[in-house]
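To keep things clear, I will list the structure first and then write my remarks on it.
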2 protein chains.
Amino acid sequence: MLKLTKKADYGLIAMRHLTTVYPRSASAKDISDHYGLPAPVLAKILQTLVRGGFLASEHGANGGYRLSRGPEQITAFDIVRSIDGPIFLTACFTEDGDCEHHKKCSIRDPLRRIHEGIIGLLNKMTMAELASDADPASSLLPIGLISSPNLTILNRQ
Amino acid sequence: MLKLTKKADYGLIAMRHLTTVYPRSASAKDISDHYGLPAPVLAKILQTLVRGGFLASEHGANGGYRLSRGPEQITAFDIVRSIDGPIFLTACFTEDGDCEHHKKCSIRDPLRRIHEGIIGLLNKMTMAELASDADPASSLLPIGLISSPNLTILNRQ
DNA sequence: TTAATGTAGGACTGATTCGGTCTGATTTGA
DNA sequence: TCAAATCAGACCGAATCAGTCCTACATTAA
(Lines give C-alpha, C1' and ligand atoms only; values in the text may rest on other atoms or scores of the structure.)
Protein backbone atom coordinates (compact mmCIF):
# COMPACT_ATOMS: atom_id res chain seq x y z
CA MET A 1 0.00 0.00 0.00
CA LEU A 2 0.75 3.62 0.08
CA LYS A 3 1.90 3.62 -3.45
CA LEU A 4 1.11 5.48 -6.59
CA THR A 5 -0.98 3.85 -9.26
CA LYS A 6 0.63 2.86 -12.51
CA LYS A 7 -1.33 5.61 -14.15
CA ALA A 8 0.37 8.15 -11.96
CA ASP A 9 3.69 6.57 -12.82
CA TYR A 10 2.92 6.79 -16.50
CA GLY A 11 1.80 10.36 -16.09
CA LEU A 12 5.02 11.34 -14.38
CA ILE A 13 7.09 9.59 -17.03
CA ALA A 14 5.18 11.39 -19.77
CA MET A 15 5.47 14.72 -18.02
CA ARG A 16 9.15 14.22 -17.62
CA HIS A 17 9.45 13.48 -21.31
CA LEU A 18 7.45 16.55 -22.24
CA THR A 19 9.67 18.57 -19.96
CA THR A 20 12.77 17.46 -21.81
CA VAL A 21 11.33 18.60 -25.13
CA TYR A 22 9.69 21.73 -23.74
CA PRO A 23 8.46 23.99 -25.24
CA ARG A 24 7.96 21.64 -28.12
CA SER A 25 5.27 19.00 -28.17
CA ALA A 26 5.15 15.23 -28.48
CA SER A 27 2.32 12.94 -29.46
CA ALA A 28 0.92 10.29 -27.19
CA LYS A 29 2.19 7.69 -29.60
CA ASP A 30 5.70 9.08 -29.52
CA ILE A 31 5.77 8.79 -25.76
CA SER A 32 4.14 5.40 -25.51
CA ASP A 33 6.49 3.99 -28.13
CA HIS A 34 9.50 5.47 -26.47
CA TYR A 35 8.83 4.04 -23.03
CA GLY A 36 6.83 0.97 -23.98
CA LEU A 37 3.66 2.19 -22.31
CA PRO A 38 0.21 1.05 -23.47
CA ALA A 39 -0.90 3.76 -25.86
CA PRO A 40 -4.63 4.02 -25.07
CA VAL A 41 -3.96 4.21 -21.38
CA LEU A 42 -1.38 6.90 -21.82
CA ALA A 43 -3.71 8.84 -24.10
CA LYS A 44 -6.36 8.95 -21.41
CA ILE A 45 -3.86 10.07 -18.84
CA LEU A 46 -2.69 12.88 -21.05
CA GLN A 47 -6.28 13.96 -21.62
CA THR A 48 -6.75 14.08 -17.90
CA LEU A 49 -3.71 16.29 -17.56
CA VAL A 50 -5.07 18.58 -20.24
CA ARG A 51 -8.27 18.99 -18.26
CA GLY A 52 -6.17 19.64 -15.21
CA GLY A 53 -4.50 22.51 -17.00
CA PHE A 54 -0.98 21.13 -17.04
CA LEU A 55 -0.86 20.23 -20.72
CA ALA A 56 -2.08 21.84 -23.91
CA SER A 57 -3.20 19.61 -26.76
CA GLU A 58 -2.68 20.24 -30.46
CA HIS A 59 -5.07 18.39 -32.71
CA GLY A 60 -4.48 17.06 -36.17
CA ALA A 61 -1.45 15.83 -37.96
CA ASN A 62 1.81 16.73 -36.25
CA GLY A 63 -0.23 17.44 -33.19
CA GLY A 64 0.55 16.32 -29.70
CA TYR A 65 0.83 17.58 -26.14
CA ARG A 66 3.07 20.15 -24.57
CA LEU A 67 3.43 21.68 -21.17
CA SER A 68 1.07 24.57 -20.63
CA ARG A 69 3.46 26.19 -18.16
CA GLY A 70 7.12 26.15 -17.37
CA PRO A 71 8.53 22.91 -15.95
CA GLU A 72 9.35 24.58 -12.68
CA GLN A 73 5.72 25.57 -12.21
CA ILE A 74 4.34 22.04 -12.22
CA THR A 75 4.93 19.72 -9.31
CA ALA A 76 4.70 15.99 -8.85
CA PHE A 77 1.84 16.66 -6.47
CA ASP A 78 -0.10 18.38 -9.25
CA ILE A 79 0.28 15.39 -11.51
CA VAL A 80 -0.45 12.73 -8.96
CA ARG A 81 -3.52 14.46 -7.62
CA SER A 82 -4.78 15.15 -11.09
CA ILE A 83 -4.52 11.49 -12.09
CA ASP A 84 -5.15 9.61 -8.88
CA GLY A 85 -7.50 12.07 -7.29
CA PRO A 86 -7.18 13.68 -3.90
CA ILE A 87 -4.52 12.28 -1.65
CA PHE A 88 -5.66 11.26 1.79
CA LEU A 89 -3.48 9.47 4.24
CA THR A 90 -6.51 8.04 6.00
CA ALA A 91 -10.19 7.78 5.28
CA CYS A 92 -10.73 10.47 7.91
CA PHE A 93 -9.48 13.12 5.54
CA THR A 94 -12.48 13.36 3.25
CA GLU A 95 -13.71 16.61 1.89
CA ASP A 96 -16.62 16.52 4.30
CA GLY A 97 -14.20 15.91 7.07
CA ASP A 98 -16.66 13.72 8.87
CA CYS A 99 -15.44 10.40 10.10
CA GLU A 100 -17.79 8.25 12.07
CA HIS A 101 -15.11 7.64 14.66
CA HIS A 102 -14.10 11.23 14.64
CA LYS A 103 -14.98 11.90 18.22
CA LYS A 104 -13.00 9.04 19.62
CA CYS A 105 -10.28 8.07 17.24
CA SER A 106 -7.88 10.91 17.93
CA ILE A 107 -5.17 9.62 15.71
CA ARG A 108 -6.39 12.14 13.21
CA ASP A 109 -4.21 15.04 14.20
CA PRO A 110 -0.88 13.20 14.32
CA LEU A 111 -1.59 11.59 10.99
CA ARG A 112 -2.52 14.92 9.55
CA ARG A 113 0.99 16.12 10.22
CA ILE A 114 2.42 13.16 8.35
CA HIS A 115 -0.10 13.74 5.61
CA GLU A 116 0.96 17.34 5.21
CA GLY A 117 4.55 16.26 5.19
CA ILE A 118 3.96 13.86 2.32
CA ILE A 119 2.16 16.49 0.31
CA GLY A 120 4.99 18.85 1.03
CA LEU A 121 7.49 16.39 -0.35
CA LEU A 122 5.50 15.91 -3.54
CA ASN A 123 4.95 19.61 -3.86
CA LYS A 124 8.65 20.38 -3.78
CA MET A 125 9.39 18.10 -6.68
CA THR A 126 8.89 20.12 -9.82
CA MET A 127 8.98 18.77 -13.33
CA ALA A 128 12.20 20.65 -13.86
CA GLU A 129 13.75 18.78 -10.98
CA LEU A 130 12.27 15.50 -12.11
CA ALA A 131 13.84 15.93 -15.52
CA SER A 132 17.24 16.94 -14.29
CA ASP A 133 19.43 14.01 -13.57
CA ALA A 134 21.62 16.14 -11.44
CA ASP A 135 20.92 15.34 -7.88
CA PRO A 136 21.09 17.95 -5.17
CA ALA A 137 18.59 15.79 -3.38
CA SER A 138 19.34 17.22 -0.03
CA SER A 139 17.17 20.22 -0.66
CA LEU A 140 14.18 17.97 -0.85
CA LEU A 141 14.35 16.21 2.45
CA PRO A 142 13.65 17.81 5.78
CA ILE A 143 16.76 18.13 7.83
CA GLY A 144 17.31 15.13 9.97
CA LEU A 145 15.67 12.65 7.67
CA ILE A 146 18.55 12.11 5.36
CA SER A 147 21.20 10.53 7.46
CA SER A 148 19.07 8.12 9.39
CA PRO A 149 20.68 4.72 8.80
CA ASN A 150 17.48 2.75 9.03
CA LEU A 151 16.00 4.43 6.02
CA THR A 152 16.44 1.49 3.78
CA ILE A 153 14.42 2.03 0.71
CA LEU A 154 13.49 -1.48 -0.01
CA ASN A 155 11.91 -2.79 3.10
CA ARG A 156 12.10 -6.42 2.43
CA GLN A 157 10.72 -8.42 5.24
CA MET B 1 -4.73 6.96 -3.82
CA LEU B 2 -1.67 7.10 -1.73
CA LYS B 3 -3.57 6.38 1.38
CA LEU B 4 -3.45 3.91 4.17
CA THR B 5 -5.91 1.07 4.21
CA LYS B 6 -8.64 1.01 6.81
CA LYS B 7 -6.86 -1.89 8.40
CA ALA B 8 -3.82 0.28 8.96
CA ASP B 9 -6.06 2.96 10.38
CA TYR B 10 -7.66 0.48 12.74
CA GLY B 11 -4.28 -0.83 13.71
CA LEU B 12 -3.01 2.61 14.56
CA ILE B 13 -6.13 3.38 16.58
CA ALA B 14 -5.75 0.13 18.49
CA MET B 15 -2.05 0.70 19.07
CA ARG B 16 -2.78 4.14 20.33
CA HIS B 17 -5.33 2.74 22.74
CA LEU B 18 -2.93 0.10 23.97
CA THR B 19 -0.35 2.80 24.46
CA THR B 20 -2.66 4.75 26.72
CA VAL B 21 -3.18 1.73 28.97
CA TYR B 22 0.39 0.51 28.75
CA PRO B 23 1.73 -1.62 30.35
CA ARG B 24 -1.69 -3.08 30.99
CA SER B 25 -3.59 -5.01 28.35
CA ALA B 26 -6.93 -4.68 26.63
CA SER B 27 -8.99 -7.23 24.76
CA ALA B 28 -9.90 -6.91 21.13
CA LYS B 29 -13.50 -6.57 22.17
CA ASP B 30 -12.74 -3.71 24.53
CA ILE B 31 -11.08 -1.82 21.74
CA SER B 32 -13.61 -2.58 19.05
CA ASP B 33 -16.47 -1.60 21.34
CA HIS B 34 -14.78 1.59 22.37
CA TYR B 35 -14.12 2.86 18.87
CA GLY B 36 -16.94 1.15 17.02
CA LEU B 37 -14.62 -0.97 14.90
CA PRO B 38 -15.70 -4.35 13.46
CA ALA B 39 -14.47 -6.85 15.99
CA PRO B 40 -13.33 -9.72 13.74
CA VAL B 41 -11.39 -7.37 11.52
CA LEU B 42 -9.68 -5.79 14.47
CA ALA B 43 -8.87 -9.23 15.88
CA LYS B 44 -7.07 -10.15 12.71
CA ILE B 45 -5.13 -6.95 12.73
CA LEU B 46 -4.04 -7.48 16.31
CA GLN B 47 -2.95 -11.02 15.48
CA THR B 48 -0.87 -9.62 12.68
CA LEU B 49 0.77 -7.19 15.05
CA VAL B 50 1.52 -10.04 17.44
CA ARG B 51 3.30 -11.88 14.66
CA GLY B 52 5.13 -8.67 13.87
CA GLY B 53 6.42 -8.55 17.41
CA PHE B 54 4.75 -5.32 18.47
CA LEU B 55 2.08 -6.86 20.68
CA ALA B 56 1.99 -9.71 23.14
CA SER B 57 -1.20 -11.73 23.48
CA GLU B 58 -2.59 -13.18 26.68
CA HIS B 59 -4.90 -16.09 26.19
CA GLY B 60 -7.91 -17.12 28.17
CA ALA B 61 -10.29 -15.24 30.34
CA ASN B 62 -9.19 -11.71 31.18
CA GLY B 63 -6.70 -12.02 28.39
CA GLY B 64 -5.94 -9.41 25.81
CA TYR B 65 -3.15 -7.63 24.05
CA ARG B 66 -0.47 -5.34 25.32
CA LEU B 67 2.52 -3.64 23.83
CA SER B 68 5.57 -5.82 23.76
CA ARG B 69 7.89 -2.82 23.95
CA GLY B 70 7.76 0.72 25.17
CA PRO B 71 5.54 3.10 23.19
CA GLU B 72 8.54 5.14 22.10
CA GLN B 73 10.09 2.08 20.50
CA ILE B 74 7.26 1.43 18.06
CA THR B 75 6.69 3.71 15.11
CA ALA B 76 3.80 4.30 12.78
CA PHE B 77 5.97 2.89 10.03
CA ASP B 78 6.29 -0.38 11.93
CA ILE B 79 2.55 -0.71 12.23
CA VAL B 80 1.70 0.30 8.69
CA ARG B 81 4.28 -1.96 7.12
CA SER B 82 3.26 -4.82 9.34
CA ILE B 83 -0.38 -4.53 8.33
CA ASP B 84 -0.25 -3.25 4.79
CA GLY B 85 2.99 -4.83 3.73
CA PRO B 86 6.03 -3.14 2.28
CA ILE B 87 5.58 0.45 1.24
CA PHE B 88 6.53 1.31 -2.29
CA LEU B 89 5.91 4.65 -3.86
CA THR B 90 5.95 3.18 -7.35
CA ALA B 91 5.87 -0.25 -8.86
CA CYS B 92 9.54 0.22 -9.71
CA PHE B 93 10.48 -0.33 -6.10
CA THR B 94 9.97 -4.04 -5.91
CA GLU B 95 12.25 -6.35 -4.03
CA ASP B 96 13.79 -7.55 -7.26
CA GLY B 97 14.34 -4.00 -8.26
CA ASP B 98 13.70 -4.79 -11.85
CA CYS B 99 11.29 -2.62 -13.72
CA GLU B 100 10.72 -3.30 -17.36
CA HIS B 101 11.10 0.38 -18.15
CA HIS B 102 14.03 0.68 -15.87
CA LYS B 103 16.49 1.65 -18.53
CA LYS B 104 14.42 4.48 -19.90
CA CYS B 105 12.05 5.72 -17.27
CA SER B 106 14.50 7.69 -15.20
CA ILE B 107 11.90 9.02 -12.84
CA ARG B 108 13.01 6.35 -10.49
CA ASP B 109 15.69 8.23 -8.66
CA PRO B 110 13.72 11.40 -7.97
CA LEU B 111 10.79 9.36 -6.71
CA ARG B 112 13.10 7.37 -4.56
CA ARG B 113 13.97 10.52 -2.68
CA ILE B 114 10.31 11.25 -2.05
CA HIS B 115 9.83 7.67 -1.01
CA GLU B 116 12.61 7.93 1.53
CA GLY B 117 11.08 11.08 2.86
CA ILE B 118 7.70 9.47 3.39
CA ILE B 119 9.20 6.55 5.23
CA GLY B 120 11.19 8.96 7.31
CA LEU B 121 8.03 10.77 8.31
CA LEU B 122 6.32 7.58 9.36
CA ASN B 123 9.40 6.38 11.15
CA LYS B 124 9.59 9.46 13.30
CA MET B 125 6.06 9.04 14.58
CA THR B 126 6.24 6.77 17.59
CA MET B 127 3.29 5.38 19.45
CA ALA B 128 4.19 7.65 22.33
CA GLU B 129 3.78 10.65 20.08
CA LEU B 130 0.62 9.30 18.55
CA ALA B 131 -0.92 8.98 21.99
CA SER B 132 0.35 12.22 23.41
CA ASP B 133 -1.79 14.63 21.46
CA ALA B 134 -4.29 16.36 23.62
CA ASP B 135 -6.88 13.85 24.59
CA PRO B 136 -8.74 13.00 27.77
CA ALA B 137 -7.27 9.52 27.72
CA SER B 138 -3.78 10.88 28.06
CA SER B 139 -4.41 11.36 31.74
CA LEU B 140 -4.23 7.60 31.99
CA LEU B 141 -0.61 7.62 31.02
CA PRO B 142 1.91 6.82 33.70
CA ILE B 143 4.12 9.75 34.50
CA GLY B 144 7.12 9.92 32.27
CA LEU B 145 5.71 8.16 29.30
CA ILE B 146 4.56 11.25 27.52
CA SER B 147 7.40 12.03 25.26
CA SER B 148 9.37 15.18 24.98
CA PRO B 149 7.89 18.37 23.57
CA ASN B 150 10.11 18.00 20.54
CA LEU B 151 7.38 16.37 18.58
CA THR B 152 7.13 18.32 15.40
CA ILE B 153 7.78 16.12 12.44
CA LEU B 154 8.33 18.69 9.83
CA ASN B 155 11.30 20.96 9.65
CA ARG B 156 12.77 19.58 12.75
CA GLN B 157 16.17 21.05 13.37
C1' DT C 1 -11.38 17.69 -51.21
C1' DT C 2 -9.57 13.72 -49.27
C1' DA C 3 -6.74 10.93 -46.51
C1' DA C 4 -3.79 10.66 -42.68
C1' DT C 5 -2.77 11.85 -38.18
C1' DG C 6 -3.93 12.68 -33.70
C1' DT C 7 -7.00 13.93 -29.74
C1' DA C 8 -11.56 13.06 -26.99
C1' DG C 9 -14.29 10.03 -24.55
C1' DG C 10 -17.37 6.22 -23.36
C1' DA C 11 -18.24 1.13 -22.65
C1' DC C 12 -16.45 -3.01 -21.37
C1' DT C 13 -13.50 -6.89 -19.39
C1' DG C 14 -10.30 -9.47 -16.38
C1' DA C 15 -7.52 -9.36 -12.36
C1' DT C 16 -6.57 -7.88 -8.00
C1' DT C 17 -7.39 -6.07 -3.59
C1' DC C 18 -10.13 -4.51 0.31
C1' DG C 19 -13.35 -4.77 3.91
C1' DG C 20 -15.88 -7.70 6.21
C1' DT C 21 -18.47 -12.19 7.71
C1' DC C 22 -18.50 -16.76 9.20
C1' DT C 23 -16.89 -20.91 11.32
C1' DG C 24 -14.16 -23.53 14.16
C1' DA C 25 -9.99 -24.68 17.18
C1' DT C 26 -7.17 -23.61 21.15
C1' DT C 27 -5.91 -21.75 25.54
C1' DT C 28 -6.76 -19.98 30.08
C1' DG C 29 -9.12 -18.59 34.47
C1' DA C 30 -12.96 -19.17 37.58
C1' DT D 1 -16.09 -28.39 33.58
C1' DC D 2 -17.52 -24.09 31.50
C1' DA D 3 -17.15 -19.62 29.78
C1' DA D 4 -14.20 -16.10 28.04
C1' DA D 5 -10.95 -14.84 25.01
C1' DT D 6 -7.35 -15.44 21.57
C1' DC D 7 -5.98 -17.79 17.30
C1' DA D 8 -6.56 -19.17 12.43
C1' DG D 9 -8.36 -19.96 8.16
C1' DA D 10 -11.84 -20.04 4.33
C1' DC D 11 -15.01 -17.31 1.99
C1' DC D 12 -17.71 -13.48 -0.33
C1' DG D 13 -19.35 -8.94 -2.24
C1' DA D 14 -17.80 -4.59 -3.61
C1' DA D 15 -14.61 -1.59 -5.29
C1' DT D 16 -10.69 -0.41 -7.84
C1' DC D 17 -7.04 -0.96 -11.36
C1' DA D 18 -5.06 -1.78 -15.75
C1' DG D 19 -6.02 -2.36 -20.08
C1' DT D 20 -8.73 -3.04 -24.64
C1' DC D 21 -12.02 -1.76 -27.99
C1' DC D 22 -14.77 1.29 -30.53
C1' DT D 23 -16.46 5.66 -32.22
C1' DA D 24 -16.45 10.61 -32.91
C1' DC D 25 -14.13 14.98 -33.67
C1' DA D 26 -10.33 18.26 -35.16
C1' DT D 27 -6.40 19.61 -37.85
C1' DT D 28 -2.94 19.24 -41.31
C1' DA D 29 -0.70 17.67 -45.58
C1' DA D 30 -1.04 16.12 -50.09
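A, B, ... follow the sequence lines: proteins, then strands. Residue 1 opens every chain.
The interatomic distance linking A:I45 (CD1) with C:dG10 (P) rounds to 16 Å, in whole Å. Atom CD1 in A:I13 sits roughly 13 Å away from atom P in D:dA18 (whole-Å rounding). Atoms CD1 (A:I83) and P (D:dA18) sit 11 Å apart, rounded to a whole Å. Going from atom CG of B:D84 over to atom P of C:dT17 covers 13 Å, rounded to whole Å. Remark: P of D:dT16 and CG of A:L4 are 18 Å apart, rounded to the nearest angstrom. Whole-Å rounding puts the A:K29 NZ to C:dA4 P distance at 15 Å. Summarising the geometry, the separation between CG on A:L42 and P on C:dT7 is reported as 9 Å, rounded to the nearest angstrom. Regarding A:D33, its CG atom lies at a distance of 14 Å from the C1' atom of C:dT5, rounded to whole Å.
Side-chain N/O atoms of A:R51 include none lying less than 4.0 angstrom from OP1 or OP2 on C:dA8. Taking only side-chain nitrogens and oxygens, A:S27 never comes nearer than 4.0 Å to OP1 or OP2 of C:dT5.
Relative to the axis of its first five pairs, the axis of the last five pairs of the helix from C:dT1-D:dA30 to C:dA30-D:dT1 sits at 10°, rounded to 10 degrees.
Residues passing the side-chain contact (heavy atoms from CB on, under 4.5 Å) test with A:T75 are A:F77, A:D78, A:N123, A:T126, sequence neighbours excluded. Take A:S57 and apply the side-chain hydrogen bond (donor to acceptor under 3.5 Å, both in side chains) test, not counting sequence neighbours, and it matches no residue. Applying the side-chain contact (heavy atoms from CB on, under 4.5 Å) rule to A:P38 yields the partners A:Y10, A:V41; only residues at least two apart in sequence or on another chain are considered. Remark: B:T48 pairs with B:R51, B:S82 by the side-chain contact (heavy atoms from CB on, under 4.5 Å) rule, at least two apart or across chains. A search for side-chain hydrogen bond (donor to acceptor under 3.5 Å, both in side chains) contacts involving A:N62 returns nothing, not counting sequence neighbours.
Note on A:E129 versus B:R113: salt bridge recorded, some NZ/NE/NH1/NH2 to OD/OE distance being below 4.0 Å.
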Could you go through residues 66-73 of chain A and list every donor-acceptor pair under 3.5 Å that involves a side-chain atom there, pairing it with any protein atom two or more places apart or in another chain?
from: A:R66; atom 1: NE; to: A:E58; atom 2: OE2; distance (Å): 2.8
from: A:S68; atom 1: OG; to: A:G53; atom 2: O; distance (Å): 2.6
from: A:S68; atom 1: OG; to: A:F54; atom 2: O; distance (Å): 3.1
from: A:R69; atom 1: NH1; to: A:Q73; atom 2: O; distance (Å): 3.0

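Taking both residues in full, the closest heavy atoms of B:P110 and A:L130 are given as CB-CD1, 3.5 Å, listed atom of the first, atom of the second, then distance.
If you check every strand for non-hydrogen atoms under 4.0 Å, B:A43 touches nothing.
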Detail all sub-3.5 Å separations between protein N/O atoms and N/O atoms belonging to nucleotides 19-28 of chain D.
from: D:dG19; atom 1: OP2; to: A:Y10; atom 2: OH; distance (Å): 3.2
from: D:dT20; atom 1: O4; to: A:K44; atom 2: NZ; distance (Å): 3.4
from: D:dA26; atom 1: O4'; to: A:H59; atom 2: ND1; distance (Å): 3.3
from: D:dT27; atom 1: O2; to: A:A61; atom 2: N; distance (Å): 3.3

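In this structure, B:Y35 and B:H17 have perpendicular ring planes: the angle between them is above 60°, well past the 30° mark.
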